[in-house]
Number of protein chains: 2
Amino acid sequence: MIKFDEKDRKLLAMLQEDSKNTNKEYANKLGLSTTAVYERIKRLEKSGVITKYVALVEKKKVNKAFVVLCHVKLIQHTKDNVLQFEREILKIEEIVECYHVSGDYDYILKIHVEDMEAYRAFMVSKLTAIANIGSTQSTFIINEVKHTTAIDV
Amino acid sequence: MIKFDEKDRKLLAMLQEDSKNTNKEYANKLGLSTTAVYERIKRLEKSGVITKYVALVEKKKVNKAFVVLCHVKLIQHTKDNVLQFEREILKIEEIVECYHVSGDYDYILKIHVEDMEAYRAFMVSKLTAIANIGSTQSTFIINEVKHTTAIDV
DNA sequence: AATGAAACACTTCTGGT
DNA sequence: ACCAGAAGTGTTTCATT
């Protein structure tokens with residue numbers, strides 16, 4: 001397991017906040033040269049700590065602001081059934097997250113659609129079209145209080 | 001509301017998948033010049049469709065692979081109580097997501113910690129230290145089947 | 001591990017269609 | 001909106017400590 005010093009931690013925090021700054025700026029804030037920053041970033045990438053760099057998109061601007069958490073229970077829990085279900089989930093673009101969880105339900109999904117009507121259509125033609133789904137329960141998100149992609153290191 | 005053509009859609013998909021490619025590469029895939037790509041990206045940024053560029057970090061590599069969904073019910077629901085609760089949530093680094101939801105509970109939180117012991121410590125000293133929390137129910141994530149930051153446009 | 005300076009690549013601007 | 005080419009800026013390599 002890779003070891004971080006304080007500068008690595010600060011650098012990771014900055015990269016998770018804004019990856020488009022220049023190495024010079026990171027260097028200034030860390031009290032290092034651009035080359036030192038460059039080498040630290042490469043080390044974080046090669047060790048697998050940083051997996052990718054992405055653009056984040058505002059849901060409201062692309063008509064996907066209606067967010068639903070859906071609890072799903074399967075009928076059968078054989079290995080094949082479970083794997084088949086998970087394969088189907090990966091193919092459905094409206095599902096942005098899917099977790100296998102402990103408790104009363106088997107899975108919790110997060111779904112992004114335009115509005116309630118689009119959600120109804122999604123449920124009818126996409127989600128419940130998957131075999132082996134026993135029951136579902138939808139929880140609608142009224143407000144997103146906090147949502148960060150950054151992990152505190 | 002900004003209008004997208006097919007090239008904007010493809011460009012957004014590529015930027016959400018990997019924002020560190022060069023404009024030349026995006027240009028090649030879209031059949032445009034680097035300048036045209038540059039201008040389209042600037043338009044997406046200025047219109048607020050792209051909100052930021054970030055590095056994504058692998059939870060397992062930074063000892064934050066224990067993920068819990070916690071349902072929270074408040075005692076009082078006056079405006080001040082709610083705002084106070086939401087302010088506290090923003091300050092707690094282990095909480096990466098917080099949604100105000102419909103249904104039996106008021107909020108659903110997503111929490112990243114190292115392990116069960118760290119979760120226990122988090123519950124005792126951070127979460128339940130917030131005033132006005134009525135009840136909590138924790139759902140442990142056994143497996144992350146899908147998790148993408150990309151929204152289909 | 002770190003540095004400054006050189007070499008290289010990419011982004012951004014300009015002028016024109 | 002688009003393009004080609006110039007100018008500016010950032011990244012990456014290298015020799016050195």
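Chain letters run A, B, ... following the sequence lines, proteins first and then strands; every chain starts at 1.
Per the geometry, CD1 belonging to A:I2 stands 10 Å off P belonging to C:dA1, to the nearest Å. Between the C1' atom of D:dA4 and the CD atom of B:E39 lies a distance of 13 Å, rounded to the nearest Å. We find that CZ of B:R40 is positioned 17 Å from P of C:dT12, with the value rounded to whole Å. B:F4 places its CZ atom 17 Å from the C1' atom of D:dA1, with the value rounded to the nearest Å. Atom pair A:N21:CG and D:dT11:P shows a separation of 10 Å (rounding to whole Å applied). If you measure from atom NZ of A:K20 to atom P of C:dT12, you get 8 Å, rounded to the nearest angstrom. Protein atom CD1 of A:I41 is 13 Å distant from nucleotide atom P of D:dT13, rounded to whole Å. For the pair B:N23 CG and D:dA4 P, the interatomic distance rounds to 15 Å; values are reported in whole Å.
Under the 30°/60° scheme for interplanar angles, the aromatic rings of A:F140 and A:F66 are found to be tilted.
A:V57 places a side-chain heavy atom less than 4.5 Å from the side chain of B:Q16. Side-chain contact check for B:L32 versus B:K7: some heavy-atom pair is nearer than 4.5 Å. Using a 4.5 Å cut-off on side-chain heavy atoms (C-beta onward), A:D104 and A:H71 make no contact.
Closest-nucleotide positions on DNA chain D for B:D5 and B:T34 were compared, and the one nearer the 5' end corresponds to B:D5.
Picking from C:dC13, C:dT3, D:dA1 the nucleotide with the shortest atom distance to the side chain of B:R43 gives D:dA1. With D:dG5, C:dA1, D:dT13 as the candidates, the nucleotide lying closest to the side chain of A:Y38 is D:dT13.
Among the atoms of the strands shown, only primed sugar atoms or phosphate atoms (P, OP1, OP2) are found under 4.0 Å from some heavy atom of A:T22.
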